[in-house]
Protein chains: 2
Amino acid sequence: MKQDLKKKYVRQAAVIKAMAHPTRLLILNSLKKKETCVCELRDLVGDDISTVSKHLLVLKNAGLVAARREGNWLHYRLTCPCVLEFAECIATLEPQNV
Amino acid sequence: MKQDLKKKYVRQAAVIKAMAHPTRLLILNSLKKKETCVCELRDLVGDDISTVSKHLLVLKNAGLVAARREGNWLHYRLTCPCVLEFAECIATLEPQNV
DNA sequence: CATCTATTTGGCTATTTGGCAAAATAGAAG
DNA sequence: CTTCTATTTTGCCAAATAGCCAAATAGATG
């Protein structure tokens with residue numbers, strides 16, 4: 001694979017990988033509607049708060065979300081709402097072996 | 001997480017996960033242009049052919065590609081070209097820690 | 001049938017991931 | 001400074017992943 005092309009796909013894959021988890025998709029779709037604090041996301045997701053925090057870290061490292069502090073709370077928001085646009089497309093796919 | 005919602009995101013995440021690898025993105029983008037046999041993809045990718053074959057299996061299981069046999073060759077094709085549409089969107093993201 | 005070619009599968013290893021619980025941190029408030 | 005609350009980090013473990021090589025398979029062809 002050519003080096004510049006490779007670099008491009010490595011970067012893209014990193015972002016896509018960050019999206020590739022049911023909990024993180026739920027979080028992203030929730031943030032699409034409004035900024036949300038971690039504890040509210042924990043209630044939505046139902047996992048341990050440390051687990052939710054790690055998912056948010058993954059999304060943040062990918063550049064998909066950002067946080068804003070207000071008092072004790074950190075409000076997370078989507079940085080790029082368009083990343084969810086292809087979900088509809090995916091819904092049309094017929095799985096072969098799932 | 002509600003069960004029906006969960007199921008939906010599990011399915012979506014499986015497809016997205018299948019896309020979340022540089023080599024598989026390269027393969028998908030190549031197939032976007034035309035049907036391609038495995039050996040041609042191996043030349044493009046540069047990995048062992050068994051590795052390429054496994055990547056194709058992942059994509060096939062996700063429902064992203066399908067194959068057609070012609071003599072000794074298996075020609076793979078994209079089943080859903082729209083899955084690559086959001087690549088442009090991703091390119092605009094600023095990574096935080098990558 | 002035997003052989004050839006394209007592709008897949010199995011076995012192995014090293015690495016990454018997701019989850020929880022416990023400990024650490026950051027900022028607000030007394 | 002101490003305490004409180006929201007969040008992150010660390011440590012641990014089980015499970016999944018990517019890659020190579022070797023072996024197996026599926027058709028085509030002699």
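Residue numbers begin at 1 in each chain, while the letters A, B, ... track the order of the sequences. As the structure is a prediction and not an experimental result, all values here were calculated from the model.
A/D43 places its CG atom 14 Å from the C1' atom of D/dT7, with the value rounded to the nearest Å. Taking atom CG of B/D47 as the reference point, atom P of C/dT7 lies 16 Å away to the nearest angstrom. Residue B/R42 contributes atom CZ, which lies 16 Å from atom P of D/dG19 at whole-angstrom precision. Taking atom CG of residue A/N61 and atom C1' of nucleotide C/dT16, one finds them 15 Å apart after rounding to whole Å. Taking atom CD1 of A/I27 as the reference point, atom C1' of D/dT7 lies 14 Å away to the nearest angstrom. Rounding to whole angstrom units, CD of residue B/E40 and C1' of C/dT5 are separated by 16 Å. When rounded to the nearest whole Å, the span between NE2 of B/H55 and P of D/dC20 equals 8 Å. Going from atom CD1 of B/I49 over to atom C1' of D/dA22 covers 14 Å, rounded to whole Å.
For B/K17 and C/dG18, a side-chain-to-base donor-acceptor distance below 3.5 Å is absent, hydrogens and geometry of angles not being considered. With hydrogens and angles left out, the side chain of A/K54 and the base of C/dG19 share a donor-acceptor pair within 3.5 Å.
You'll find that the side chain of B/T51 is closest to D/dC20, out of D/dT9, D/dT7, D/dC20. With C/dG18, D/dT8, C/dT9 as the choices, the nucleotide that has an atom nearest any side-chain atom of B/L57 turns out to be C/dT9.
Annotation: side chain of B/W73 is not in contact with side chain of B/V38 (no heavy-atom distance under 4.5 Å). Put simply, the side chain of B/N61 does not reach to within 4.5 Å of the side chain of B/V58, judged on heavy atoms. Residues B/R24 and B/M19 form no side-chain contact, since every pair of their non-hydrogen atoms from C-beta on lies 4.5 Å or further apart. Annotation: side chain of A/V65 is in contact with side chain of A/L28 (closest heavy-atom distance under 4.5 Å). Residues A/C37 and A/L74 fail the side-chain proximity criterion, which asks for heavy atoms closer than 4.5 Å.
The side chain of A/Y76 places an N or O atom within less than 4.0 Å of a non-bridging phosphate oxygen (OP1 or OP2) of D/dT8. For D/dT8, one of the phosphate oxygens OP1 or OP2 lies less than 4.0 angstrom from a side-chain nitrogen or oxygen of A/S53. For C/dT7, neither phosphate oxygen OP1 nor OP2 lies less than 4.0 angstrom from any side-chain nitrogen or oxygen of B/H75.
When every heavy atom of A/A62 is checked against every heavy atom of A/A14, the shortest pair comes out as CB-O, 4.5 Å.
Here B/R24 lies in heavy-atom contact (under 4.0 Å) with sugar-phosphate atoms only.
Residue B/L26 is not grouped with residue A/V10 when hydrophobic side chains (ILVMFWY) are merged at heavy-atom distances under 4.5 angstrom, including chains of intermediate members.
Stem regions annotated for DNA chain C: C:1-30 with D:1-30, counting only runs of 3 or more consecutive pairs of Watson-Crick or G-U type with both contacts under 3.5 Å.
Contacts classified as salt bridge (charged side-chain N to carboxylate O under 4.0 Å, His left out) and involving residues 68-79 of chain B (residues at least two apart or in different chains) are given here: B/E35-B/R68, B/R68-B/E70.
Looking only at distances, no side-chain donor or acceptor of B/T79 sits under 3.5 Å from a matching main-chain atom of B/A66. Not a single donor-acceptor pair under 3.5 Å links the side chain of A/T36 to the backbone N or O of A/L31.
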Going 5' to 3' along nucleotides 22-30 of chain C, which nucleotides have protein heavy atoms under 4.0 Å from the base (write B), which only from the sugar-phosphate (write S), and which from neither (write -)? B----BS--
